[in-house]
J.: 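There's a structure below that I have some questions on.
Chain letters run A, B, ... following the sequence lines, proteins first and then strands; every chain starts at 1.
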Amino acid sequence: MVCQLLPVVKAEPPDSEAELLQRARVLAGVSLGEVAGQVGAVVPDTLLRAKGWVGMLVEKALGASAGSRAEPDFPKLGIELKTLPIDASGMPSESTFVCTVELSRIPEIEWDESRVKKKLERVLWFPVQADRQIPMSERRLGEPLLWSPAPNEEAALRFDWEELAGRISCFGTESVSAHLGQFLQVRPKAAHSRIQTRVVDGEGEPYAANPRGFYLRTAFTQALLRQHYAGMR
DNA sequence: CGCTGATCATAG
DNA sequence: CTATGATCAGCG
């Protein structure tokens, strides 16, 4: 019998939260090169032209439904997967994209029915070393965290969301810059700045604008790490 | 050198 | 075009 590496990945979607967590925990400490080998992916030298590569790799390793459907990564479980890039000092190195801003109907939406709330209801956070000094193949996954916002966290997000959404409704997308919002912010989300999408303002008037997305600031994910990973690292 | 605004890849 | 996955790049 030939020796073979223990498989650490599964292609089928997990049937339960427990199974998902179990699979995820097996990946903790594993390098991206090893994961890539397991799922037959090619490791890029840089993320310059492969920005979503790490996220897609982990999705594949955990059996998340691929594709671009507007559903959670694990539809049956209602769980969203987010990789979290970690720099040399152990802090998140980038903001976290949440979802696009529904510019075409932003004036009618309320927090409870918002995409932001929905997306963040249940998230499997997966820290990943993102220090540019570390070769891509050698970067390791951290301990996964199955998370839901605490009441105070949701309240904070809601506060930002209401300010941002309200402002877009009343004064247009141009009135909202990435400077606004303590934990949640709005930034461009498009292939490039010339792309236009239809928007309807608070008075029902249509106009065109560059698509926007909601992002979590590192202040938020940093606090999340502090609370849930205290004592390890 | 942190952060905002811009951008990259892929699927449908 | 929209959705998914994000990081890049250079200004202040």
J.: Expressed as a whole number of angstroms, how long is the span from A/Glu80:CD to C/dA6:C1'?
T.: 13 Å

J.: Students often get this wrong, so: under 4.0 angstrom with heavy atoms, is A/Lys119 touching a base, only sugar-phosphate, or nothing?
T.: sugar-phosphate

J.: Walk me through it: do A/Arg187 and A/Ser95 pass the test side chain to side chain donor-acceptor pair (under 3.5 Å)?
T.: CA-CA 11 Å; A/Arg187 303 218 304 275; A/Ser95 56; 3.0 Å; yes

J.: Could you please name the option among C/dA6, B/dG5, C/dG5 that lies closest to any side-chain atom of A/Ala178?
T.: B/dG5

J.: Could a donor-acceptor pair under 3.5 angstrom be found where the side chain of A/Lys189 meets the base of C/dG5?
T.: yes

J.: Give a yes/no on whether any side-chain N or O of A/Gln185 is located under 4.0 angstrom from OP1 or OP2 of B/dT4.
T.: yes

J.: Roughly, in whole Å, what's the span from OH in A/Tyr215 to P in C/dT7?
T.: 11 Å

J.: Does the side chain of A/Ser193 get closer than 4.0 angstrom to OP1 or OP2 of B/dT7 through an N or O atom?
T.: yes

J.: If you check the A/Pro85 side chain, which of C/dT7, B/dT7, C/dG5 turns out closest?
T.: C/dT7

J.: Once you apply a heavy-atom cut-off of 4.0 Å, does A/Thr100 come out as touching a base, just sugar-phosphate, or nothing?
T.: sugar-phosphate

J.: Hey, which sits more toward the 5' end of DNA chain C by its nearest nucleotide, A/Ile195 or A/Ala130?
T.: A/Ile195

J.: Out of A/Glu113, A/Lys119, A/Glu121, A/Arg115, which residue meets the side-chain contact (heavy atoms from CB on, under 4.5 Å) rule with A/Lys117?
T.: A/Glu121

J.: How many angstroms lie between atom CD of A/Glu80 and atom SG of A/Cys99, to the nearest 0.5 angstrom?
T.: 9.5 Å

J.: Between A/Glu162 and A/Arg167, does at least one N-O distance fall below 4.0 Å, as a salt bridge requires?
T.: no

J.: Check whether the side chains of A/Ser31 and A/Arg140 place a donor and an acceptor atom closer than 3.5 Å, and report yes or no.
T.: no

J.: Using whole Å, report how far CG of A/Asp87 lies from C1' of B/dG2.
T.: 12 Å

J.: What is the distance, to the nearest angstrom, from the CZ atom on A/Arg69 to the P atom on C/dT4?
T.: 11 Å

J.: With sugar-phosphate meaning primed atoms plus P, OP1 and OP2, does A/Arg187 contact a base, only sugar-phosphate, or nothing at under 4.0 Å between heavy atoms?
T.: base

J.: Under 4.0 angstrom, heavy atoms only, what part of the nucleic acid is A/Asn210 near: base, sugar-phosphate, or nothing?
T.: nothing

J.: Which is more 5' along DNA chain C, the nucleotide nearest A/Arg132 or the one nearest A/Pro72? Just name the residue.
T.: A/Pro72

J.: Which nucleotide sits closest to the side chain of A/Glu94: C/dG5, B/dT4, C/dC8?
T.: C/dC8

J.: Among B/dG5, C/dT4, B/dA9, which nucleotide has an atom closest to any side-chain atom of A/Ser177?
T.: B/dG5

J.: Using a heavy-atom cut-off of under 4.0 Å over every strand shown, decide if A/Glu102 touches base, sugar-phosphate, or nothing.
T.: nothing

J.: What nucleic acid atoms does A/Gly55 come within less than 4.0 Å of, heavy atoms only: base, sugar-phosphate, or nothing?
T.: sugar-phosphate

J.: Pick the nucleotide of DNA chain B nearest each of A/Arg217 and A/Arg194; which residue has the one closer to the 5' end?
T.: A/Arg217

J.: Please give, in whole Å, the distance from B/dC8 C1' to A/Met56 CE?
T.: 12 Å

J.: Within a strict 4.5 Å, meaning less than it, do heavy atoms of the A/Val43 and A/Leu57 side chains meet?
T.: no

J.: Counting heavy atoms from C-beta on, name the nucleotide in C/dG5, C/dT7, C/dA3 closest to the side chain of A/Arg115.
T.: C/dA3

J.: Assign each of A/Leu180 and A/Arg49 to its nearest nucleotide of DNA chain B by heavy atoms, then name whichever residue's nucleotide is nearer the 5' end.
T.: A/Leu180

J.: If I take atom CZ in residue A/Phe97 and atom P in nucleotide B/dT7, what distance separates them, rounded to the nearest angstrom?
T.: 17 Å

J.: B/dT4 P sits how many Å from A/Leu216 CG, rounded?
T.: 13 Å

J.: Side-chain contact, heavy-atom cut-off 4.5 Å: A/Ile109 with A/Arg105?
T.: yes

J.: Heavy atoms only, 4.0 Å cut-off, all strands: where does A/Thr83 land among base, sugar-phosphate and nothing?
T.: sugar-phosphate

J.: When you measure from the side-chain N and O atoms of A/Thr197 to the phosphate of C/dT2, is any distance below 4.0 Å, counting only OP1 and OP2?
T.: yes

J.: What is the distance, rounded to the nearest whole Å, between atom NZ of A/Lys51 and atom C1' of B/dT10?
T.: 14 Å

